[in-house]
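Written out below as structure tokens is the structure these notes cover.
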Amino acid sequence: MATYRISGVWKNTSNVITHYAIHIVNDGMISRAKKTTKNQAVALVENNKNIVTTYLWNYRTNVWNIGESVHVVDGANSKFLRSNADNKVSDNLDHLINFNYITINVD
């Protein structure tokens, strides 16, 4: 069994999530985020041996908090990830950090 956290997303020009920022939890330590395709993330969550939750940055306390469990949902054209399916904004993980706005310059 493996434990993962999802902290952010990348979107295409149609505002559709294409990638997820996924962290691996190992012996209480959490890895840096790895940019993972939507299909890879769906496969990861579909593996019932994995535990996957959202990972939320708390701006007041400057720490990460474990969020909701993540599940796979069959959409009209493809599968997608969703947190607890209760019609909250967080259902499709759109509430996570949008990494499209972050660029890394390496000098």
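Values in this document were obtained by computation on a predicted structure and should not be read as measured data.
Residues T18 and K38 form no side-chain contact, since every pair of their non-hydrogen atoms from C-beta on lies 4.5 Å or further apart. Between I51 and Y4 there is no side-chain heavy-atom pair separated by less than 4.5 Å. In this structure the side chain of I22 reaches within 4.5 angstrom of the side chain of L44, judged on heavy atoms. Taking the side chain as every heavy atom from C-beta outward, S7 and F99 approach each other to under 4.5 Å. Contact of the L81 side chain with the V73 side chain is not registered, since no non-hydrogen atoms from C-beta on lie closer than 4.5 Å. Taking the side chain as every heavy atom from C-beta outward, H71 and S83 never approach each other to under 4.5 Å. Proximity of L56 to H95: side-chain heavy atoms (C-beta onward) are separated by under 4.5 Å at one or more points. Proximity of V45 to N50: side-chain heavy atoms (C-beta onward) are nowhere separated by under 4.5 Å.
Residue V9 comes nearest to Y20 through the heavy atom pair CG1-CD2, 3.8 Å, listed as atom of the first residue, atom of the second, then distance.
Remark: side-chain polar atoms of N58 are paired, donor with acceptor, to backbone N or O of T61 under 3.5 angstrom. Although no hydrogens or angles enter the test, the distance criterion places no donor-acceptor pair under 3.5 Å between the side chain of H23 and the main chain of I30. Between the side chain of D74 and the backbone N or O of K79 there is no donor-acceptor pair closer than 3.5 Å. Remark: the backbone N or O of S14 is paired with a side-chain donor or acceptor of N12 at under 3.5 angstrom.
Rounded to the nearest 0.5 Å, atoms CD1 (I66) and OG1 (T54) are 9.0 Å apart. Between the CG atom of L93 and the CD atom of E68 there is a distance of 8.5 Å, given to the nearest 0.5 Å. If you take OH on Y101 and CH2 on W10, they are separated by 14.5 Å, rounding to the nearest 0.5 Å. Distance CG/N62 to CZ/R60: 11.5 Å, rounded to 0.5 Å.
Within 6.0 Å of NZ on K11 lie more than 12 heavy atoms contributed by other residues, nucleotides or ligands.
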- Message: The test is side chain to side chain contact (heavy atoms under 4.5 Å, CB included); show your working for T53 and I6 and say whether it passes.
- Response: CA-CA 6 Å; T53 59; I6 301 177; over 6 Å; no
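Follow the hydrophobic side-chain contacts under 4.5 Å out from V16 and you never reach I97; the two are in separate clusters.
With no hydrogens or angles considered, no side-chain donor-acceptor pair links H19 and T36 at under 3.5 Å.
Y55 and W64 have parallel rings, their planes meeting at less than 30° on a 0 to 90° scale where 60° marks the start of perpendicular.
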